[in-house]
Amino acid sequence: MNYIISIINPDSLSILMDLCNQLDLPLSITMAGRGTAVQSMLDLLGIESNERRIVFTVANEEKTKKLIQAQKRHMHIGVPGHGIVIAVPIKSVGGGKTVAFLNGKTDNAAYTPSLNYAHELIIAVCSQGCTDMVMNAARAAGARGGTVLHGKGTGAKGAPKFYNITIAQEKEMILIVAAASQKAAIMQSILKKAGPDSKAGTIVFSLPTTQVAGFALLDNQDET
């Protein structure tokens, strides 16, 4: 079972919602975000805006493959500028009824995850306005790009600081997908150049992914 993160152009949102409905996926959440591509790259690809929509969906392995294949077919995922898709494996689910619900069934069900993955989703949380600092560090270690979500920490007032970070301040969350072999170098570069002791105050961690689409060098998924 996967937590699927689709990062798409705003005008493709209705298409993705239709695809989710066709596959009878029971849970979809949409958020606003923006890409990190520099203006020269946007001009090269003929993209007018960095604005993105991030859609979170839960699906089993079969429906994950069908959804990603449908996104490639109907939304041109894989063509530069049309978006990316990341499937993050779910390690555990709270209760057999929840497992059944997420699989479109009524009876209790069990779930056992796989633990061998070729790609990772790097998540960097930094202070507002420091996205370029983090992405420059990531690109120096081979990252191809990222997507930014804007948010605010929810730590209680008076909560202790973590290094230089006040938990309840404006935050940027940057999502970067990389081959597992590149993950350590990218994270180390971010920590060295934009880590907790820097102005960015970045916390960085990673999650495994089962499938990705929309990355020219990583789109080697089985199309069957």
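Hydrogens, waters and symmetry mates are skipped; everything else that's a heavy atom, side chains included, is used.
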To the nearest 0.5 Å, how far apart are [atom1] in [X] and [atom2] in [Y]?
{"X": "E120", "Y": "S181", "atom1": "CD", "atom2": "OG", "result": "10.0 Å"}
{"X": "N9", "Y": "H82", "atom1": "CG", "atom2": "NE2", "result": "7.0 Å"}
{"X": "I84", "Y": "I7", "atom1": "CD1", "atom2": "CD1", "result": "3.5 Å"}
{"X": "S6", "Y": "R52", "atom1": "OG", "atom2": "CZ", "result": "13.5 Å"}
{"X": "T64", "Y": "L25", "atom1": "OG1", "atom2": "CG", "result": "8.0 Å"}
{"X": "T30", "Y": "L13", "atom1": "OG1", "atom2": "CG", "result": "5.0 Å"}

**Q.** K66 atom NZ: more than 12 heavy-atom contacts under 6.0 Å
**A.**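 No, because the 6.0 Å sphere around NZ of K66 holds 12 heavy atoms or fewer from other groups.
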Same cluster or not: [X] versus [Y], using hydrophobic residues (I, L, V, M, F, W, Y) connected whenever any side-chain heavy atoms lie under 4.5 Å apart?
{"X": "V212", "Y": "F56", "result": "yes"}
{"X": "V58", "Y": "M31", "result": "yes"}
{"X": "V85", "Y": "I15", "result": "yes"}
{"X": "M135", "Y": "M133", "result": "no"}

Q: Report yes if the side chains of L191 and P196 come closer than 4.5 Å at any heavy-atom pair, otherwise no.
A: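 Yes, side chains in contact.
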Q) When I77 is tested against each of M75, H74, R73 for side chain to side chain contact (heavy atoms under 4.5 Å, CB included), which residue passes? A)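 Of the listed options, the one satisfying the test is M75.
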Q | Option passing side chain to side chain contact (heavy atoms under 4.5 Å, CB included) with M187 (candidates V204, I176, T202) | A |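 For M187, the side chain to side chain contact (heavy atoms under 4.5 Å, CB included) test succeeds with only one of V204, I176, T202, which is V204.
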Q | Stepwise side chain to side chain contact (heavy atoms under 4.5 Å, CB included) test for L16 and L67 | A | CA-CA 9 Å; L16 180 54; L67 179 60; 4.1 Å; yes
Over all heavy atoms of both residues, which pair between [X] and [Y] is shortest? Give the atoms and the distance, please.
{"X": "T57", "Y": "C20", "answer": "OG1-SG, 4.0 Å"}
{"X": "K63", "Y": "L23", "answer": "NZ-O, 3.0 Å"}
{"X": "K193", "Y": "A140", "answer": "NZ-CB, 3.4 Å"}
{"X": "A32", "Y": "I54", "answer": "C-CD1, 3.9 Å"}
{"X": "L175", "Y": "L149", "answer": "CD1-CD1, 4.4 Å"}
{"X": "I90", "Y": "Y3", "answer": "CG1-N, 3.8 Å"}

Is the backbone N or O of [Y] less than 3.5 Å from a side-chain atom of [X], with the two atoms forming a donor-acceptor pair by type?
{"X": "S189", "Y": "A137", "value": "yes"}
{"X": "N2", "Y": "I4", "value": "no"}
{"X": "T209", "Y": "V88", "value": "no"}

Q. So M17 and V55, side chain to side chain contact (heavy atoms under 4.5 Å, CB included) or not? Walk me through it.
A. CA-CA 9 Å; M17 291 296 95; V55 180; 3.6 Å; yes
